[in-house]
Amino acid sequence: MTQNSTQLVATPGQTIGPFYGYALPYEKDSQLVHRAHPGSIRLHGVVYDGQGTPIPDALLEIWQADESGVISRETGSLVRDNHTFTGFGRVAVDNEGHYTFTTVNPGATQEGKAPFISLVVFARGLLNKLHTRIYLPEDTGALASDPLLSSLPEERRRTLIATREANGDLYFDIRLQGDNETVFLSYPGA
């Protein structure tokens with residue numbers, strides 16, 4: 001049997017990392033706003049593998065609306081001038097899997113919608129990035145009516161809702177596998 005010589009053959013898959021941790025970070029990459037910005041919060045947590053061990057070399061990216069629910073159309077997401085909110089941030093976790101962003105609580109992009117932060121995870125062993133969302137815990141009515149959350153069983157839904165800390169910051173762990181695995185989303189073509 002002969003094979004058509006013009007037929008393209010898939011190349012073997014490769015994992016996405018851990019080299020990005022050295023090439024992609026940039027100055028103030030995790031600082032969407034300056035900590036002195038009115039309403040600034042810290043979004044932080046830990047990235048865990050399937051054994052419950054922190055991953056020391058993951059890279060995270062977030063996109064979000066501002067406090068008013070406006071999605072930024074500003075250019076220059078990699079520029080941090082302490083004035084322009086682009087809604088984008090990137091951070092490499094530390095050697096204990098911990099990450100921190102300085103940002104603001106996102107507003108709802110539409111009346112009655114639950115505000116959320118989009119999150120992308122890059123980590124060793126993954127053949128592609130993982131997408132998920134971080135919802136704010138306060139507006140239980142909006143959370144209950146959110147189409148994505150309401151499509152999930154209760155125990156899976158809570159993996160997408162952050163915890164509000166006493167000082168107003170948000171805490172959100174990411175579990176790539178195993179018990180309490182974070183719900184990840186599929187975006188064909190992304």
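Just so it is clear, the values below take in all heavy atoms, side chains as well, and ignore hydrogens, waters and symmetry mates. We're numbering straight along the sequence, starting at 1.
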Provide the closest heavy-atom pair for [X] versus [Y] in the form atom of the first, atom of the second, distance.
X	Y	answer
F85	S72	O-OG, 3.0 Å
A162	P137	O-CB, 3.4 Å
I41	L170	CD1-CD1, 3.7 Å
P115	P106	CB-O, 3.2 Å
T100	S30	O-CB, 3.2 Å
T86	E74	CG2-CB, 4.2 Å

Determine whether [X] and [Y] make a side-chain contact, defined as any pair of heavy atoms from C-beta on separated by less than 4.5 Å.
X	Y	result
Y135	F172	no
R156	E181	yes
L160	L148	yes

Is the side chain of [X] donor-acceptor paired with the backbone N or O of [Y] at a distance under 3.5 Å, no angle test?
X	Y	value
T159	V183	yes
R175	G52	no
T132	F184	no
R42	Y171	no
D173	G45	no
S40	R35	yes
R157	L152	yes
S150	D146	yes

(request) Classify the angle between the aromatic ring planes of F88 and W63 as parallel (below 30°), tilted (30 to 60°) or perpendicular (above 60°). (result) tilted

(message) Ring centroids only, cut at 6.0 angstrom: are H44 and F101 within range, meaning strictly under it?
(response) no

Nearest 0.5 angstrom please: [X] [atom1] to [Y] [atom2], how far?
X	Y	atom1	atom2	result
F116	Q64	CZ	CD	10.5 Å
L126	I55	CG	CD1	7.5 Å
E165	L43	CD	CG	10.0 Å
L119	I134	CG	CD1	4.5 Å

(message) With salt bridge (charged side-chain N to carboxylate O under 4.0 Å, His left out) as the criterion, how do E61 and R90 come out once you've worked through the C-alpha distance, each side chain's angles and the decisive distance to 0.1 Å?
(response) CA-CA 4 Å; E61 293 182 346; R90 177 185 294 153; 2.8 Å; yes

(request) For E111, look at atom CD and say whether over 12 heavy atoms of other residues, nucleotides or ligands are found less than 6.0 Å away. (result)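 No, not enclosed.
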
(message) Please evaluate residues R164 and E138 with respect to the criterion salt bridge (charged side-chain N to carboxylate O under 4.0 Å, His left out), reporting the C-alpha separation (whole Å), side-chain torsions for both, the decisive distance (0.1 Å), and the verdict.
(response) CA-CA 8 Å; R164 181 72 67 189; E138 288 84 12; 2.5 Å; yes

(message) H37 and side chain to side chain donor-acceptor pair (under 3.5 Å): which single residue from E67, Q31, H83 fits?
(response) E67

